[in-house]
2 protein chains.
Amino acid sequence: MREITLPESGPKRKLLDAAEQLFAEKGFEAVSVRDITQLSKANVAAVSYHFGSRENLLTLVMTRYMTPVNEERIVRLEALERKWTGKSVPLEEIIEAFVRPLVGQVRKSELSERLFYKLMGRIFGQQGDGLPPQIEEQLRNVVVRFTRALAKALPAVNADDLAWRIHFMVGGMIHLLAHQDLFQRLTPGTSGTPPMESIVSRFIRFSAAGLREGVEAEAPTPKGPQVMFDF
Amino acid sequence: MREITLPESGPKRKLLDAAEQLFAEKGFEAVSVRDITQLSKANVAAVSYHFGSRENLLTLVMTRYMTPVNEERIVRLEALERKWTGKSVPLEEIIEAFVRPLVGQVRKSELSERLFYKLMGRIFGQQGDGLPPQIEEQLRNVVVRFTRALAKALPAVNADDLAWRIHFMVGGMIHLLAHQDLFQRLTPGTSGTPPMESIVSRFIRFSAAGLREGVEAEAPTPKGPQVMFDF
DNA sequence: AAATGATTGAATCGTCCGTTTGACATTGGT
DNA sequence: ACCAATGTCAAACGGACGATTCAATCATTT
């Protein structure tokens, strides 16, 4: 699993951390290099000097966590396919392999949980314009691989239907990341934000139900107490 | 149902149409006043003259279809509650009342279907920062009303769970709008874009299944042929 | 201590932005 | 025909942007 190596301290690291924080808070287009250098108490020229250009810094921020996430997704999926050779992989485990890596990367950043997920959401939301080509390709690969796996897990669902259902699921995930905080403001009745783990668990159940809509034996999953995932 | 009145032709209308097109294509922040006036063959000063400021034009574009959509959502929901007084409103009909108004407004713009939905998706995606306060309030109201209705339709689902499931559903809808075209590039195996109507139908089924996940009598809906909605 | 290369700082470049100005053209009512 | 209101236009404004320059400073090695 490739890691993007960076100095643990120093001005370069400070710039990157500031950039991440501001990008997460205000979005990629709304942050100037002057904002970044001001927050990290560096000179305006620092970004050009250390990263070459604002654009480079931007793709570095985007790549830094996104690439490990996408690689872990593939690794997890392949592990599942190895584990269930012959048999079909349970739907919930596939979805978990898709979402879980996001939770796993959160601790590797200096950002708060809230900002980290927001940053991830913003990156995913850029799909179609503004994403570095490498990430676009990673995402395409991930979608293709997971679509194949889900098709195997749901042979009764026609290909077009399945593709759209995956589309909806991905949308739900992006929204969950980007607007986790907004959720509170819109639904004041609910109790405070639960830990991401329990939200992910809810997301997996929601998506699984949506994906297997209309399938006969509605759930081959044991209906017992929920210790299926350790969160 | 309030309408935003605008001249059917003239430079003001031309500016607005150009603005809508460009905002839909490139996003709100990526379009300059000069882009707009150039496309509509007007002078740079035209936007300031006719709309006061770029900001005003922006909120006008955002309000123009969004307000009717949100109002129609409420109207439809109230109609459903009248129709099913006493009984609980079927889940699918509530979701339809939530999504359908978007399809209804598409013909009122000069934009192609593709661009119109993209514009709507961009507006929804701005939630949290950059939306005119009036629209934020409309959305909050819509979410509250529909949450109440869905809670009645799904008494077995606990409030927190339901709120999150709605959150996921909304995310799916936004993604569907904003990245309808992206869907194709990511899943090349599928046949060409079906009409929005059939996508909406798929979305309703997906969301309904996700919302009622874990509920005992899995579907009180007739399992017969699908003439439930006329699309 | 001197020399060398890496980093910083202040100033400045050219460009694009939204908006304003003031001269000019068009229109419609009297 | 006149005038006032309305609309259009090229030009320019001040500001923010990303990037660059170049001298000053720092750290490391010799």
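Given the structure is predicted, the values throughout are model-derived calculations rather than measurements. Chain identifiers are assigned alphabetically (A, B, ...) following the order of the sequence lines, protein sequences preceding nucleic acid strands; residue numbering begins at 1 within each chain.
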Whole-Å distance separating the CZ atom of B/F51 from the P atom of C/dG18: 15 Å
A/R165 (side chain) donor-acceptor with A/L211 (main chain) under 3.5 angstrom: yes
Salt-bridge criterion met for B/R76 and B/E72 (N-O under 4.0 Å): yes
Length of the CZ-P vector between A/R34 and C/dT15, whole Å: 16 Å
For A/I174, side-chain contact (heavy atoms from CB on, under 4.5 Å) partners two or more places apart: A/F124, A/V170, B/H175
Non-neighbouring partners of A/A24 that pass side-chain contact (heavy atoms from CB on, under 4.5 Å), sequence neighbours left out: A/L115, A/L119
Side-chain (B/R122) to main-chain (B/E25) donor-acceptor, under 3.5 angstrom: yes
Residues A/Q138 and A/T67: side-chain donor-acceptor under 3.5 angstrom: yes
Sidechain N-carboxylate O distance under 4.0 Å for A/E113, A/R107: yes
Residues touching DNA chain D, which here means a heavy atom under 4.0 Å, drawn from residues 20-32 of chain B: none
Point-to-point distance, once rounded to the nearest 0.5 Å, from CZ of A/R34 to CG of A/L39: 15.5 Å
Centroid-centroid distance, B/F168 to A/F168, less than 6.0 Å: no
Integer-rounded Å distance: D/dT8 C1' and B/K12 NZ: 16 Å
Pairing residues for B/D35 by the side-chain contact (heavy atoms from CB on, under 4.5 Å) criterion, not counting sequence neighbours: B/L22, B/V31, B/S32
Interface polar pairs with nucleotides 5-7 of chain D, N/O, under 3.5 angstrom:
{"from": "D/dG7", "atom 1": "OP2", "to": "B/Y49", "atom 2": "OH", "distance (Å)": "2.9"}

Neighbours of DNA chain D within residues 35-47 of chain B, by heavy-atom distance under 4.0 Å: B/N43, B/A45
